[in-house]
Amino acid sequence: MSSVQNGKMSQLNNLEKGEQKTLEVSKLDVAVAETESYNKRSVWIWLAKWGVETRGIDPVPVAERTRTDYYNIFLMWTSILCNLLPVVTGMAGTLGYGLSLRDSSLVIIFFNLACCIITAFMGTLGPRTGMRQVIQARYSFGLYSVSVIAILNLVAVVGFTLISTIITGQTLSAVSDGKMTVIVGIVLAGILGLVVSFCGYRVLHIFNKYSWAITFVSMIICVGCGAKHLNVPVPTEPATAPMILTFGCLIAGFQLPFAGIMSDFAVYYSPNAPVKRMFWYVYAGQTIPTIILMILGAAIGASVPNVQSWNEGYNAYSAGGVLEAMLRPASGFGKFVVVLLAFSLIGNIASSMYTISLNFQALATPAALIPRTIYAIITTIIMIPTAIKASESFFSSLENFLGIVSYWPGAFAAIICIEHFYFRRSDISTYDHAIWKDGRKLPPGIAAIGAGILSFGLVVPCMDTTWFIGPIARTTGDIGFEVAFVLASLLYVPLRMVEIRICGHL
């Protein structure tokens, strides 16, 4: 009798194991079916064989998060920011705001060091969750409200990409003495960025692993050629608090928008990646090149009015014309270096296009069915004519854009940080992959959206932009992003508590 019972028990165990195995396979099939539906087509299989990333916004399973070359994330961010964009932004401090080189440098150092604490922390969540940044945001903003974040992300990243393509176009036009128009340079930058971004995560990391070194050497040569003029800056008036805080907001507008995309470039790293090392790699990769190149830009901007060739180059081709004038003493070799500096932005443009395509997929569930690469192509087609139009008044476009783009990332970053540290107690297991597209199990997002919107009731009076100056900002200068961060934090806590109590889950 006991042998019969043992036999039955054995059969039951085998059946349970079989059912469990079937259930696991079924779950796996469901998880990948949506994002791999287009992978089964022959063209995507062929592209994948050539190294093109076909994964979209779905979370990366632990089994596929195998990268352990953690230092590479430092090189990735160094390359994204080691280009002409920080130089041009630094020039705005002395040329646009009338600050001295000393005051501009101090503002650059302080605001970069402060803002990158937030972005570097958010960069550490990529390896631990295996989720793109906008998908992580669903665990605060919910399945549907996160579309607002995706749209704001798109506006910010597309804006930066437009600026980068314009700088490339202007620099190439300057080095050719106008034989290549700015329009042709913009088109060339857009196409080259598309080619790299089309290939996806792996190619982006390989490209950015080495491209920073070329730019670094080129910058040294540029400084060497123009150093004799950098010690005669234009005299300036003493800086006021509003001037300093408004320029600080511009710096925040340069760094804080990265909060919405930080994890996009780290989702394939091992979930066991050392958090402190990842933080410092990202922090150093963002702050070191940005601070150095922004201060260089401020020094160049302070000297432009005193050097006739630089001033003429600035009036004709904006920042690209200044760089060409600086390297003119090196003759033909100098022109070659200018071309290298122009193309230093390709890594930045490609990385931006990559994350733009992911944010398009996150807009709505049906949007995720369209391959990432298709969005990259569509984005390029739209951006090129937009960049051509914006190039007509470049520095005005730059200041207007960076001056307003820092406000929403301040509120967004505050909400993500409060959710992670206070409500989820830094527990990564609460970011359950099984519910990443289940609107009933994710938060409704009312608390997050509510805190963000309500914070702007005080942010607006603190704004100082070219088209609006709030009553508080007239006295203090632009303190919009600081207010957004603090107020969103304070509002989110009680709103989220009520939301959890009503829903009964995180």
Side-chain angles (χ1 to χ4, degrees), residues 51-53 60 65-87 89 112-113 115-128 130 132-133 157 160-161 164 168 192-193 195-222 254-255 257-259 261-296 340-355 358:
V52 175
E53 181 189 13
V60 180
R65 283 143 60 190
T66 57
R67 294 194 63 164
T68 55
D69 53 338
Y70 306 124
Y71 70 91
N72 195 59
I73 199 68
F74 164 76
L75 299 177
M76 178 77 182
W77 282 107
T78 298
S79 290
I80 289 175
L81 292 167
C82 187
N83 52 57
L84 297 184
L85 190 55
V87 175
T89 305
N112 272 297
L113 291 177
C115 291
C116 287
I117 293 173
I118 300 169
T119 55
F121 155 69
M122 299 184 81
T124 65
L125 295 177
R128 291 189 282 167
R132 314 287 185 174
Q133 200 73 63
V157 182
F160 275 109
T161 311
S164 296
T168 302
L192 290 175
V195 170
V196 179
S197 69
F198 185 92
C199 297
Y201 185 97
R202 182 170 174 270
V203 174
L204 273 175
H205 273 262
I206 293 173
F207 182 88
N208 286 318
K209 185 175 182 178
Y210 304 103
S211 62
W212 67 272
I214 299 172
T215 306
F216 180 72
V217 173
S218 299
M219 287 291 183
I220 292 175
I221 296 170
C222 183
F254 183 93
Q255 290 287 14
F258 286 121
I261 66 173
M262 292 301 300
S263 291
D264 294 359
F265 307 107
V267 292
Y268 289 97
Y269 283 103
S270 168
N272 298 318
V275 177
K276 289 184 180 178
R277 277 178 61 191
M278 292 299 288
F279 174 88
W280 288 113
Y281 279 145
V282 175
Y283 189 76
Q286 287 192 302
T287 55
I288 292 173
T290 304
I291 289 173
I292 292 173
L293 294 179
M294 279 190 179
I295 291 175
L296 172 61
L340 293 179
L341 288 173
F343 287 128
S344 69
L345 284 153
I346 299 303
N348 183 286
I349 295 170
S351 302
S352 297
M353 287 184 174
Y354 176 75
T355 199
L358 295 172

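Residues take their numbers from the sequence shown, with the count starting at 1.
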Q: Please test T119 against V282 for side chain to side chain contact (heavy atoms under 4.5 Å, CB included), starting from the C-alpha separation and ending with a verdict.
A: CA-CA 8 Å; T119 55; V282 175; 5.6 Å; no
Q.
For a side chain to side chain contact (heavy atoms under 4.5 Å, CB included) check, start with the C-alpha distance between H205 and Y268, then their side-chain angles and the critical distance, and finish with the verdict.
A. CA-CA 11 Å; H205 273 262; Y268 289 97; over 6 Å; no
Q. Would I288 and T78 satisfy side chain to side chain contact (heavy atoms under 4.5 Å, CB included), going step by step from the backbone distance to the final call?
A. CA-CA 8 Å; I288 292 173; T78 298; over 6 Å; no
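A distance of 13.5 Å separates CZ in F343 from OG in S211, rounded to the nearest 0.5 Å. With rounding to the nearest 0.5 angstrom, the OH atom of Y269 is 6.0 Å from the CE atom of M278. A distance of 7.5 Å separates SG of C116 from CD1 of I291, quoted to the nearest 0.5 Å. Here CD1 of I346 is found 8.5 Å from CE of M353. Values are rounded to the nearest 0.5 Å. A distance of 11.0 Å separates CD1 in I214 from CG in L341, rounded to the nearest 0.5 Å. In this structure, SG in C82 is found 6.0 Å from CE in M219, a value given to the nearest 0.5 Å.
In this structure the side chain of F258 never reaches within 4.5 angstrom of the side chain of Q133, judged on heavy atoms. Side-chain contact check for V217 versus L340: every heavy-atom pair is 4.5 Å or farther apart. No side-chain heavy atom of L75 sits less than 4.5 Å from a side-chain heavy atom of Y210. In this structure, the side chains of V196 and L204 come closer than 4.5 Å at one or more pairs of heavy atoms. P257 is listed as a side-chain neighbour of F160, based on a closest heavy-atom distance under 4.5 Å. Residues S344 and L84 are in side-chain contact: their nearest non-hydrogen atoms beyond the backbone lie under 4.5 Å apart. Two residues are said to be in side-chain contact when any heavy atoms from C-beta on lie closer than 4.5 Å; W77 and M262 meet this criterion. Taking the side chain as every heavy atom from C-beta outward, Y354 and L358 approach each other to under 4.5 Å.
Between the side chain of T161 and the backbone N or O of I349 there is no donor-acceptor pair closer than 3.5 Å. Of the possible polar contacts, none joining the S351 side chain to the N348 backbone as a donor-acceptor pair under 3.5 Å is found. Judged by distance alone, with hydrogens and angles left aside, the side-chain atoms of R65 form a donor-acceptor pair with the main-chain N or O of R128 at under 3.5 Å. Using a distance-only test at 3.5 Å, with no hydrogens or angles considered, a donor-acceptor pair links the side chain of Y201 to the main chain of F265. Within the 3.5 Å criterion, the main-chain N or O of P127 finds no donor-acceptor partner in the side chain of S270.
Of all heavy-atom pairs spanning A120 and Q286, the tightest one is N-OE1, 4.1 Å. Looking at every heavy atom in both residues, N83 comes nearest to L85 through OD1-N, 2.9 Å. A pairwise comparison of heavy atoms in R132 and E53 identifies NH2-OE2, 2.9 Å as the closest pair.
Checking N112 against T290 by side-chain atom types alone, no donor-acceptor pair falls below 3.5 Å.
Ring geometry for F279 against Y283 counts as parallel: the plane angle stays under 30°, on a 0 to 90° scale with 60° as the upper cut.
No close placement of the Y281 and Y70 rings is indicated, their centers lying 6.0 Å or farther apart.
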